[in-house]
Amino acid sequence: MKYFVLFFLISTGLNAQMMTSVYFAHNSYEINPESKQKLDSLVQLRTSLKFKIFGNCDSSGTNEYNVKLSENRANTVRNYLQNAISENIQLISVIGLGEEKQINDNSTDELRAKNRRVDIFIEKTFASGEKISRNALPSFLSMEISQMKVKDTFALPNVSFVGGRHVWLSKGQSEIVKLLKMLKENPTLEIELQGHICCDYENFDGEDLDLKTFNLSFTRANAIKEFLLKSGIESSRITARGLGHLNPVVYPEETEEDRMKNRRVELVLIKK
């Protein structure tokens with residue numbers, strides 16, 4: 001229980017949002033002991049927060065059945081939390097999405113299990129006019145490798161994306177070519193590309209309008225990975241990961257400039 005609260009405090013020291021999920025057995029909306037432990041840790045939080053609850057299913061039933069099952073899952077979590085939360089936490093919405101927003105395909109038992117879940121989006125309550133703006137990360141492209149630390153996170157300056165797509169804006173092309181050059185000149189480097197989105201606060205991730213999937217932050221990171229692989233970098237040196245909208249540079253987003261700052265890919269140094 002303590003580990004989850006600690007993680008939340010670390011996260012909200014920097015950000016305004018986070019998400020946690022609880023999982024269910026096939027065709028069930030009964031909360032298991034592990035999920036109860038996670039929910040119990042949430043009700044201990046004392047910051048002013050808003051919770052949004054979204055139920056999900058795998059695709060094994062009819063659409064009507066899956067919507068109802070996802071609603072039951074969401075309401076079960078709502079009822080569990082409602083009986084325990086203090087006045088500082090508001091339950092804003094409870095929605096059953098059926099199989100509409102699956103984050104995985106259903107090709108294996110493991111992937112189907114990850115779709116049988118309730119997502120709880122946790123957002124700080126902002127005062128009127130309050131805004132966070134994260135300090136800029138150091139640029140991976142302008143530092144000496146000898147000065148970098150493994151597991152540190154770096155920016156890819158000027159690499160932003162078209163809204164709703166995994167296509168980067170033209171001004172980012174030269175920066176991505178610089179990254180390619182660094183990787184070629186330093187063949188021991190291994191990196192993780194972490195994609196981010198703006199705006200989609202009803203789901204963990206946004207819809208990729210080109211691919212019709214709800215994993216936009218991943219497809220942005222993966223687009224850069226694919227470019228590097230096609231240019232000769234070994235696949236073992238690069239991983240791609242999507243972090244959704246839970247780590248904004250600027251929040252709330254009030255202008256297109258704010259949104260562009262959040263449509264980004266950052267880089268974690270894995271090995272040098």
Side-chain angles (χ1 to χ4, degrees), residues 11 15-24 52-60 63 66-67 70 73-74 93 95-123 153 155-156 159-169 172 176 179 191-230 235 237-249 251 253 259-268 270:
S11 297
N15 306 315
Q17 305 165 291
M18 69 164 288
M19 182 193 78
T20 190
S21 301
V22 294
Y23 297 89
F24 294 81
K52 297 179 182 179
I53 300 170
F54 297 90
N56 300 271
C57 287
D58 63 29
S59 61
S60 58
N63 183 64
N66 286 339
V67 169
S70 68
R73 286 171 175 167
S93 59
I95 299 172
L97 296 170
E99 58 184 273
E100 180 183 348
K101 305 284 180 160
Q102 295 187 9
I103 57 174
N104 302 283
D105 64 34
N106 291 281
S107 57
T108 67
D109 288 341
E110 181 181 4
L111 292 175
R112 284 191 290 275
K114 290 181 178 178
N115 286 327
R116 298 193 293 264
R117 70 190 194 283
V118 167
D119 295 329
I120 305 163
F121 292 88
I122 304 163
E123 182 177 328
T153 304
L156 291 177
V159 178
S160 188
F161 291 79
V162 179
R165 302 183 66 194
H166 61 269
V167 177
W168 56 80
L169 299 175
I176 294 172
L179 173 60
I191 61 172
E192 178 176 270
L193 297 167
Q194 297 183 343
H196 302 266
I197 65 169
C198 77
C199 315
D200 195 339
Y201 303 123
E202 298 302 311
N203 303 288
F204 167 67
D205 215 332
E207 182 180 10
D208 187 312
L209 298 177
D210 297 309
L211 301 176
K212 305 303 181 185
T213 57
F214 287 87
N215 59 347
L216 179 59
S217 64
F218 168 76
T219 60
R220 285 176 172 165
N222 197 56
I224 296 178
K225 175 182 175 178
E226 290 297 319
F227 173 84
L228 296 172
L229 297 186
K230 289 177 182 178
S235 61
R237 298 176 59 195
I238 310 170
T239 56
R241 182 182 174 199
L243 297 184
H245 66 76
L246 299 180
N247 190 18
V249 171
Y251 187 83
E253 299 157 344
R259 291 186 281 274
M260 285 184 62
K261 288 179 179 178
N262 288 335
R263 298 180 193 125
R264 69 197 193 279
V265 169
E266 294 172 343
L267 184 153
V268 176
I270 303 300

remark   = T219 and L211 have their tightest heavy-atom pair at CG2-CD1, 3.8 Å

Closest approach of H166 to A223 (non-hydrogen atoms, all atoms of both residues) = O-CB, 3.5 Å

ask   = Does V159 reach the side chain of L179, with side-chain heavy atoms less than 4.5 Å apart?
value = no

Min side-chain heavy-atom separation K114-S21 under 4.5 Å = no

message = Using the salt bridge (charged side-chain N to carboxylate O under 4.0 Å, His left out) criterion, which residues pair with E266? Sequence neighbours excluded.
response = R134, R264

note = R165 meets the salt bridge (charged side-chain N to carboxylate O under 4.0 Å, His left out) criterion, sequence neighbours left out, with D210

request  = Can you label the angle between the H245 ring and the F121 ring as parallel, tilted or perpendicular, going by 30° and 60°?
outcome  = parallel

ask   = Are F24 and V118 close enough, and set up right, to give a side chain to side chain contact (heavy atoms under 4.5 Å, CB included), and what steps lead you there?
value = CA-CA 8 Å; F24 294 81; V118 167; 3.5 Å; yes

task = May I ask you to say whether R241 pairs ionically with E192, meaning some side-chain N is under 4.0 Å from a carboxylate O?
result = yes

ask   = Is there a donor in the side chain of S70 and an acceptor in the side chain of N56, or the other way round, less than 3.5 Å apart?
value = no

inquiry  = For M260 and L169: C-alpha separation, side-chain torsions, deciding distance, then whether side chain to side chain contact (heavy atoms under 4.5 Å, CB included) applies.
reply    = CA-CA 10 Å; M260 285 184 62; L169 299 175; 3.5 Å; yes

remark   = Residue set satisfying side chain to side chain donor-acceptor pair (under 3.5 Å) with N66, at least two apart, ordered chain then number -> E99

